Amino acid sequence: MKSWDFNKIEGSRIRLSDWLSDTMGIVEGGFVYSTLFQYPESGPKGYELILSMYPQENFRALARITVFADDVPGATVQSAKFLAQNHISILNSVSLSGISDTTIVWNIMADLNFAGEGELIKERFKELKERNDPSVDKIQHISVSPAGIGRIFRTETTGSLPKTELKHGAPITVKDGCIDLAAEYGDILGNIDGQEVIITLDPSSWLVSVVFFKPKTELVRIDLSVPDCIGSVGTALTMLADVQVNLISVFTKVMISYQNMYIEVVADISKSKYPFEQLESELKKYLSQLNGIYELKSIRKL
C-alpha cells in the first residue's frame, strides 16, 4: 500500500486529504500534537514536522497490542473487556478477519498504566487460559510490545537519524481540513506558501511525517513500465543513479504477473548531470537499449 503523498503548503496551512484523515483518525475540530525538526545543510530536506494524535509526554506508556481471537460473535467485545479489566486504555485500533471464519486480528495502540506493564498483561492472560476461564475463551493469543515512538524524537545530529528537534508545539486544532502552522512555527519556518512537502503515514505508530523540501530542490515524477522479472527495477533506475538523481520515493506495482510492472519515482534532480529537458531524452535512450520492454510513460515537474 502506498503510504505517502506530495502536496504544497497553502499560505501557512497543510491540507489533509480525506484519505489521510480517515486513515489516521484526524477529525475536524480535533487536536493534533506536533514537533518540528531540522535536517543538516546537505540533502534535499529542510524541516520535518511529526504529527501525533497523542501528547508526547504519553509516549513512554504507549504499547502495541495484537489480539488474536476466534472469528465468532462476541470475540472483540471479550477482548475489549479483558483489556479494560486490566486498566488498559484502547486508543487507535484496527481489526480484520485474518482467515475467514477462523481468526480475527485486532491491532491496537494502547495506553498502559506504566511502561513495562505488557509482561504482566501476558501473564494474567496465560493464567486465565490455563484455568479455562470463560472470560477469555474466545481469545487465542495476546502479544504486547513497546510502541517505540520515542525513537523518532531523539535529538541526534549524526547516525541513522540526522535531525535536531527545534520545538515541541502546543496542540493545533484541525480547521477546514487543514493544520495552520503560523502560530506555532511561523517564527521558524517563515514564508512557506507554495513550498513542496511529502506527507508520510506510519500506520503502526499512528504518526504523520511532513517533510519540507529546501527551495533549491527540483522534484520530478517519473512513471515507467518495465518487465515483471528479477532485477528489472534496479536495471531501470540505474541510469538515474549514475547521473546523480536523488530518489525520494519509489512505488512499484505488478500490472500483469510475469509480464509487466509499473514504477512511480519521485526524485530530486537539482544535482543531476542533466537538466530536466535533457533528462527525458537521455532516459528514453537508456531504456531503449535494455533487453525487454522498458518504457518511459511520463516525466513531469511537481
Side-chain angles (χ1 to χ4, degrees), residues 1-11 13-20 23 39-49 162 189 191-202 208-302:
M1 182 185 73
K2 188 175 177 182
S3 60
W4 68 89
D5 198 8
F6 290 85
N7 209 333
K8 290 190 177 183
I9 302 295
E10 303 172 4
R13 304 192 307 167
I14 299 173
R15 180 166 297 280
L16 307 175
S17 66
D18 292 340
W19 162 74
L20 186 152
T23 301
Y39 282 91
E41 288 299 319
S42 59
K45 301 174 182 178
Y47 297 94
E48 180 179 18
L49 187 70
L189 298 175
N191 181 14
I192 55 176
D193 183 34
Q195 192 163 340
E196 294 171 325
V197 297
I198 178 173
I199 303 175
T200 306
L201 312 188
D202 183 353
V208 178
S209 166
V210 181
V211 170
F212 296 74
F213 293 102
K214 294 174 181 175
K216 62 182 180 181
T217 304
E218 295 181 58
L219 295 183
V220 299
R221 171 173 165 171
I222 303 171
D223 296 319
L224 304 167
S225 177
V226 306
D228 177 24
C229 62
I230 296 174
S232 64
V233 175
T235 298
L237 302 181
T238 292
M239 178 264 188
L240 297 176
D242 290 344
V243 299
Q244 302 303 306
V245 171
N246 184 24
L247 305 186
I248 303 297
S249 71
V250 178
F251 174 66
T252 64
K253 181 171 65 174
V254 173
M255 305 302 292
I256 303 176
S257 186
Y258 300 112
Q259 293 187 38
N260 177 258
M261 173 182 285
Y262 165 76
I263 304 177
E264 174 195 304
V265 173
V266 175
D268 173 25
I269 64 169
S270 61
K271 296 181 180 179
S272 171
K273 174 182 175 181
Y274 301 123
F276 174 77
E277 293 75 13
Q278 189 177 356
L279 180 63
E280 180 175 4
S281 61
E282 293 293 336
L283 183 54
K284 284 182 177 179
K285 183 190 303 182
Y286 168 77
L287 294 173
S288 68
Q289 297 170 351
L290 299 177
N291 292 325
I293 302 176
Y294 289 80
E295 182 183 0
L296 175 63
K297 306 296 289 186
S298 67
I299 178 171
R300 61 182 176 86
K301 294 182 178 181
L302 291 181

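In what follows, every heavy atom counts, from backbone to side chain, and hydrogens, waters and symmetry copies are set aside. As the structure is a prediction and not an experimental result, all values here were calculated from the model.
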Between atom CD1 of Ile9 and atom CG of Asn191, what is the distance when rounded to the nearest 0.5 Å? 11.0 Å

Do Trp4 and Phe251 come within less than 4.5 Å of each other through their side chains, counting heavy atoms only? yes

In Å and rounded to the nearest 0.5 Å, what is the CD1 to CD distance from Ile299 to Glu277? 9.5 Å

Acceptor/donor pairs from residues 224-247 side chains to any protein atom, 3.5 angstrom cut, sequence neighbours excluded:
residue : atom : partner : partner atom : Å
Ser225  : OG   : Asn260  : ND2          : 2.6
Asp228  : OD2  : Tyr258  : N            : 2.6
Ser232  : OG   : Pro227  : O            : 2.7
Ser232  : OG   : Cys229  : O            : 3.1
Thr235  : OG1  : Gly231  : O            : 2.8
Thr238  : OG1  : Gly234  : O            : 2.6

How many angstroms lie between NZ in Lys8 and CG in Leu302, if you round to the nearest 0.5 Å? 8.0 Å

Working to the nearest 0.5 angstrom, can you tell me the gap between Leu20 CG and Ile14 CD1? 10.0 Å

Looking at Arg221 and Glu264, is there a salt bridge between them, counting it only when a charged N and a carboxylate O are closer than 4.0 Å? yes

Which atom of Tyr39 lies closest to which atom of Glu48, heavy atoms considered: OH-OE1, 2.7 Å

Between Asp268 and Leu219, is a side-chain contact (heavy atoms from CB on, under 4.5 Å) present by the stated rule, with each step listed? CA-CA 5 Å; Asp268 173 25; Leu219 295 183; 4.3 Å; yes

Contacts under 3.5 angstrom, residues 192-201 side chains, donor-acceptor by atom type, not counting sequence neighbours:
residue : atom : partner : partner atom : Å
Asp193  : OD1  : Gly11   : N            : 2.7
Gln195  : NE2  : Phe213  : O            : 2.9

From CG (Leu283) to CG (Leu296), nearest 0.5 Å: 5.0 Å

Roughly how far, to the nearest 0.5 Å, is CG of Leu290 from CD of Glu295? 12.5 Å

For Lys271, which residues count as a side-chain contact (heavy atoms from CB on, under 4.5 Å) partner, sequence neighbours excluded? none

Do Tyr274 and Ile269 have side-chain heavy atoms sitting under 4.5 Å apart? no

